[in-house]
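The model shown is predicted, which means the values in this text are computed figures rather than measured ones. Excluded from the calculations below are hydrogen atoms, water molecules and symmetry mates; all remaining heavy atoms, backbone and side chain alike, are included. Sequence lines set the chain letters: A, B, ... in the order given, protein chains first and strands last, and positions in each chain run from 1.
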Number of protein chains: 2
Amino acid sequence: MAQNKKHEFEKSEIEFADFAKALSHPARVAIMKALAKKNVCICGEIVEELPLAQSTVSQHLKELLNAGLIKGSVDGTKSCYCIDRKVFNKFSKSFNAFFLLTQEKE
Amino acid sequence: MAQNKKHEFEKSEIEFADFAKALSHPARVAIMKALAKKNVCICGEIVEELPLAQSTVSQHLKELLNAGLIKGSVDGTKSCYCIDRKVFNKFSKSFNAFFLLTQEKE
DNA sequence: ATAGTTTATCGTAAATATACGATGAATAGA
DNA sequence: TCTATTCATCGTATATTTACGATAAACTAT
């Protein structure tokens with residue numbers, strides 16, 4: 001873009017948008033669902049479930065990490081990922097607040 | 001991208017991601033908040049509230065329209081927008097289901 | 001030591017998103 | 001009719017995202 005103006009918005013709006021962005025690709029939604037189902041997943045398992053190359057999955061995992069939605073740890077040659085529930089719950093609340101905001105007033 | 005693979009995911013995951021994408025820019029979050037506050041807004045009012053050019057705001061409004069989150073109507077030379085609560089509530093439910101899914105099992 | 005496994009990162013190509021000014025189309029008001 | 005207002009759309013520049021193969025780094029097992 002000619003110039004990025006995202007920083008000129010309210011902090012809460014930027015945070016909310018960043019969270020939404022983390023979930024704006026079906027691969028990342030699928031990863032979150034897989035992590036939710038198994039609680040902990042190694043990278044290879046996720047790669048097998050998705051119709052994407054290993055390097056692409058790694059890239060999506062990195063984005064979820066950057067957004068803070070998941071945590072990663074290393075076990076030998078394998079990488080284990082799980083949902084960061086503390087951060088995730090915070091965003092869940094922020095979403096609920098947003099939805100409430102848009103409800104019709106009586 | 002070399003090739004778009006989004007369509008290879010589950011329909012529900014694609015829908016969810018599309019909704020998240022609609023809210024993945026602070027300008028669009030700010031627009032939704034403005035519409036929620038006033039119930040109905042004319043385009044010009046929104047442009048005044050945002051630090052963006054009129055054409056850029058129009059573009060963001062179009063994306064929210066495409067996602068189905070808002071509805072638009074014309075009144076003389078003015079354009080009026082409001083939240084499409086039916087669609088919005090559907091997505092709200094879909095978000096809640098997603099959040100529930102990720103909760104720790106006992 | 002050597003070979004195999006696993007995964008992050010690099011380089012790159014192509015698609016999409018963001019932003020603006022200019023323009024055009026439609027209406028309102030003089 | 002002429003002018004002003006409002007807003008969508010077009011064209012365009014630049015940034016970001018998505019995707020892959022190749023490679024490197026770190027560990028495991030032989």
Discussion item. What is the distance, to the nearest angstrom, from the CZ atom on A/R28 to the C1' atom on D/dT16?
Written reply: 12 Å
Worksheet item: Should B/H60 be listed as having a side-chain N or O under 4.0 Å from OP1 or OP2 of C/dA17?
Response: no
Worksheet item: Parallel, tilted or perpendicular for B/H60 and B/H25, by the 30°/60° rule?
Response: tilted
Worksheet item: Looking at A/L64 and A/I31, what are the two nearest heavy atoms and their distance?
Response: CD1-CG2, 3.7 Å
Worksheet item: In whole angstroms, how far is the C1' atom of D/dT6 from the CD atom of B/E45?
Response: 13 Å
Response to the item:
Between CD1 of A/I42 and P of D/dC27 the distance, given in whole Å, is 17 Å
Worksheet item: CG of B/D18 versus P of D/dT18: gap in Å, rounded?
Response: 12 Å
Discussion item. Base, sugar-phosphate or nothing for B/T56? Non-hydrogen atoms, less than 4.0 Å.
Written reply: base
Practice prompt. Would you state whether a donor and an acceptor, one from the side chain of A/Q54 and one from the base of C/dA8, lie under 3.5 Å apart?
Written response: yes
Discussion item. Taking A/E45 first and then A/K38, would you say they form a salt bridge - that is, a charged N and a carboxylate O separated by under 4.0 Å?
Written reply: yes
Fill in: Under-4.0 Å side-chain N/O to phosphate OP1/OP2 contact, B/Y81 with D/dC7
no
Discussion item. If you assign each of A/V74 and A/H25 to its closest nucleotide in DNA chain D, which residue comes earlier from the 5' end?
Written reply: A/H25
Worksheet item: Does any non-hydrogen side-chain atom of A/F19 lie less than 4.5 Å from one of A/L69?
Response: yes
Discussion item. Does D/dC20 have OP1 or OP2 under 4.0 Å away from a side-chain N or O of B/K5?
Written reply: yes
Discussion item. Base of D/dA15, side chain of A/Q3 - is there a donor-acceptor contact under 3.5 Å?
Written reply: no
Worksheet entry | Separation of D/dC20 C1' from A/K62 NZ (nearest whole Å) | 16 Å
Worksheet item: Over how many whole Å does the gap from B/K78 atom NZ to C/dA28 atom P extend?
Response: 11 Å
Worksheet item: Is A/S79 touching bases, backbone alone, or none of the nucleic acid, heavy atoms closer than 4.0 Å?
Response: sugar-phosphate
Worksheet entry | Residue-phosphate contact under 4.0 Å: B/S58 side-chain N/O, D/dA8 OP1/OP2 | yes
Item to complete: Provide, to the nearest angstrom, the distance between the NZ atom belonging to A/K21 and the P atom belonging to D/dA15.
Response: 15 Å
Practice prompt. Specify the residue among A/T77 and A/A53 whose closest nucleotide of DNA chain D lies further upstream toward the 5′ end.
Written response: A/A53
Worksheet item: What is the distance from CG of A/L61 to C1' of C/dT6, rounded to the nearest Å?
Response: 13 Å
Item to complete: Remember a base hit wins even if backbone is also touched, and classify A/Q59 as base, sugar-phosphate or nothing at under 4.0 Å, heavy atoms.
Response: base
Worksheet item: Base, sugar-phosphate alone, or nothing: which one does A/L52 contact when heavy atoms must sit under 4.0 Å apart?
Response: sugar-phosphate
Discussion item. Would you say the ring centers of B/F99 and A/F91 fall short of 6.0 Å from each other?
Written reply: no
